[in-house]
Amino acid sequence: MCIRDSVNIDLRNDGDRHQLNGRVSLPENLGRDFEVAMDFRGNFLNPRGWRGGFHARGRAIQAGNWGIKPVLFDTSIDEGLLDVSLWGEWYAGKLTSLSSDLDARAVVIHTPGDSRPFAIQRLKGRFDWRHQPQGWMLNAKNMQYMADNELWPETQLRFEYKNQGGKPGFNLYSSFTRLQDVSGIVQRSGLFDDKVRKRLAELDLRGDVEKLHLSYTKDAAQTPQYRVSARLHGICLAPWQKFPGLTSLDGTLNADDQAGSLQLDDNSLQVAIPKLFREHFNLTELKGRLDWWRAPGGWHVSSPRLDLATEDISGSIGLQASIPEDGASPWLDLQTSFRDGDAIATRRYLPVGIMSAELVQWIDTSLKSGHVIEGNALFSGRLKHFPFHKRDGTFITEFTARDVELEYRKDWPAIAVKHGQARFSGTGMQIVAQDARLYESGLHDTRIVIDDFKLPVLRINGDMDGRLDDLARFLVESPIAPQARAFYTSSRITGAARGEVALRIPLSKRAANASPLDYRGKAQITDGKLSAWDEYLEVEQIGGQIDFSTKGIFSQNLAGLFTGQSVRFDLDTRQAGNRHIIELGMQGMLDAAHLPARLPVKGLDKYIS
């Protein structure tokens with residue numbers, strides 16, 4: 001470093017009083033100029049006895065070109081353009097106060113233990129430091145801070161440090177704090193160990209804090225004691241271990257080392273629990289109050305009511321929780337009521353982390369539409385015991401729904417539940433539909449059950465009362481009689497049918513090994529009519545019972561009128577390799593005069609009269 005421009009120094013001595021004034025015009029690569037003024041008393045040759053004050057000013061100082069890097073709290077300033085004015089006082093060789101008007105731009109610093117440079121685009125304000133008995137105090141007025149192209153509003157800050165009798169502590173007030181900036185500074189500082197810095201990096205704290213009041217100290221046993229209050233805006237943190245992540249939380253925080261509360265505003269935020277749910281929750285509303293306090297052996301958390309809503313459903317939550325200090329699993333009692341929901345959005349709220357892939361796939365693909373009218377949920381137990389296979393906790397969700405389309409299996413016809421109730425537990429589910437539809441026919445007292453989610457087998461039992469055409473369509477559009485579909489589509493079938501059906505459908509390979517596919521049912525036909533084969537076959541007043549199962553379709557008492565004469569039908573199924581062949585036989589007395597019109601044989605009318 002070489003200073004070639006003018007240097008002016010004036011030193012005056014009057015007994016033990018000394019005055020020093022100096023000004024240096026700097027070369028362009030170092031800055032514009034630097035000046036200093038000192039007025040002190042004491043032995044000039046013994047600085048430890050000096051007492052007095054000083055003022056210094058530097059303009060356009062290029063911090064990176066001086067060769068000597070200023071160091072503060074083990075942090076070096078490598079680059080920066082500084083305009084700074086300093087006023088200070090000292091006594092007995094020790095600094096007692098320091099004030100500064102600072103405007104620093106494009107500052108680059110390095111901290112111990114971190115090779116990455118840390119950039120500050122702007123730091124401006126009035127800073128006052130004062131020595132106090134057993135500590136010191138720092139005030140910042142109208143401070144502006146800018147990093148990553150985000151500028152803080154003018155901020156007032158006060159920090160007071162004391163160490164009384166070996167008990168260190170501090171009081172902090174900040175009118176504004178941007179968490180991502182503070183977190184970045186702390187992660188690069190040497191004030192905390194690697195564990196704390198790593199945790200801050202994982203949490204990825206973001207958001208703004210207003211009117212922050214924080215006090216911290218330690219008692220005689222070196223136990224930390226603190227108190228904090230603040231307004232929170234847009235707080236974000238990443239999921240960490242078993243704790244959820246949050247995005248855009250607003251609220252008011254009041255807490256100390258024994259208790260606390262968080263008053264939640266009318267929030268629109270995201271909640272992410274990636275180890276349990278595959279999608280984050282987009283909450284359009286979250287408001288209420290959350291309280292916590294220290295209890296014997298741990299912490300207790302409580303909220304009598306939290307109102308919340310998503311784009312799919314709205315409701316309220318009451319909760320009680322105990323969090324042991326020894327690291328044992330937390331206990332949670334959660335009571336929820338909800339209303340006005342979209343059934344197809346169920347996939348977003350499935351705890352897929354504890355569900356089999358086959359069951360998740362079934363729920364994803366089976367619910368095609370529907371509306372949840374209202375419902376409630378109860379969770380009570382330790383989190384590690386969920387889903388409570390050993391009955392060591394309770395999880396129940398019950399709700400009423402309407403207009404639900406359930407495609408319970410790809411190769412089976414869908415069921416439309418017009419009105420019904422559903423009940424889910426940690427181990428299984430049951431849907432009871434008082435009013436459902438199979439095509440245009442009614443289904444009554446229909447039960448759709450999965451007893452065990454670990455071994456998911458779907459059981460459907462119900463009574464059918466409706467059209468014969470719908471019964472025939474159900475048989476041919478399911479695995480029961482698909483080989484008769486061509487006959488069904490080329491025929492006209494009318495009449496009434498009443499009956500019952502029972503299906504057992506495994507939803508996983510493991511479940512299929514334990515409980516193979518099974519179905520059975522029966523139906524009573526009245527006033528049926530069949531027109532087939534281009535109306536050559538027309539049977540009226542069909543009545544009787546048919547039975548079906550995995551072995552086929554059977555009936556021995558079907559009867560009707562063919563060409564006005566009574567006939568009887570035999571319906572049978574025989575096995576041909578891996579195929580079922582359905583056979584329909586008709587017996588009865590016929591008027592021969594009608595045969596030419598019913599049998600498509602050319603010239604038959606010449607031989608029959």
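Nearest heavy-atom pair across D33 and I61 is O-CD1, 3.9 Å. The minimum heavy-atom distance between M38 and W90, with the atom names listed, is CE-CH2, 3.6 Å. Of all heavy-atom pairs between F388 and R382, the closest is CE2-O, 3.7 Å. Here the shortest heavy-atom pairing between A259 and W299 reads N-CZ3, 4.3 Å. In plain terms, the two heavy atoms of A147 and Q121 that are nearest each other are C-OE1, 3.2 Å.
Among the candidates M143, R105, Q144, the single residue satisfying the side-chain contact (heavy atoms from CB on, under 4.5 Å) test with L123 is M143.
Residues that satisfy the ring pair (Phe, Tyr, Trp, His ring centres under 6.0 Å) test with H233, not counting sequence neighbours, are absent from this structure. The salt bridge (Lys or Arg N to Asp or Glu O under 4.0 Å) search around E150 returns R178, not counting sequence neighbours. Checked against ring pair (Phe, Tyr, Trp, His ring centres under 6.0 Å), Y216 has the following partners two or more places apart in sequence or in another chain: F170. Residues meeting the salt bridge (Lys or Arg N to Asp or Glu O under 4.0 Å) test with K162, sequence neighbours left out: E160. Residues satisfying the side-chain hydrogen bond (donor to acceptor under 3.5 Å, both in side chains) test with E311, not counting sequence neighbours, are R348. Annotation: ring pair (Phe, Tyr, Trp, His ring centres under 6.0 Å) contacts of F127 (sequence neighbours excluded): none. Residues passing the side-chain hydrogen bond (donor to acceptor under 3.5 Å, both in side chains) test with D392: none are found, sequence neighbours excluded. Residues passing the side-chain hydrogen bond (donor to acceptor under 3.5 Å, both in side chains) test with S508, sequence neighbours excluded: none.
With respect to the salt-bridge test (charged N to carboxylate O, under 4.0 angstrom), the residues D307 and K287 do not qualify. In summary, D83 and R32 do not engage in a salt bridge, as defined by a charged side-chain N under 4.0 Å from a carboxylate O. One finds no salt bridge joining D14 and R12 here, because no Lys/Arg side-chain nitrogen approaches an Asp/Glu carboxylate oxygen to under 4.0 Å.
Proximity of a side-chain donor or acceptor of T155 to a complementary backbone N or O of S175 within less than 3.5 Å is not detected. Distance alone, capped at 3.5 Å, places no donor-acceptor pair between the T177 side chain and the L179 backbone.
Legend: ring-ring contact (aromatic ring centres under 6.0 Å, His included) pairs involving residues 18-37, not counting sequence neighbours, sorted by first then second residue: H18-F40, H18-F44. Every pair tested for salt bridge (Lys or Arg N to Asp or Glu O under 4.0 Å) that includes a residue from residues 331-345 fails, sequence neighbours excluded, so the list is empty. For the salt bridge (Lys or Arg N to Asp or Glu O under 4.0 Å) condition, the pairs that include at least one residue of residues 226-239, sequence neighbours left out, are R227-D256, R231-D265. Counting only residues at least two apart or in different chains, side-chain hydrogen bond (donor to acceptor under 3.5 Å, both in side chains) contacts with residues 41-56 comprise D16-R41.
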Exercise for review: Test R122 against D103 for salt bridge (Lys or Arg N to Asp or Glu O under 4.0 Å), laying out the working first.
Suggested key: CA-CA 7 Å; R122 186 79 179 268; D103 188 0; 2.7 Å; yes

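For an aromatic pair to be called close, the ring centres must be under 6.0 Å apart, and W293 with H300 satisfies this.
Applying the 6.0 Å contact sphere to CZ of R158 captures no more than 12 heavy atoms from other residues, nucleotides or ligands.
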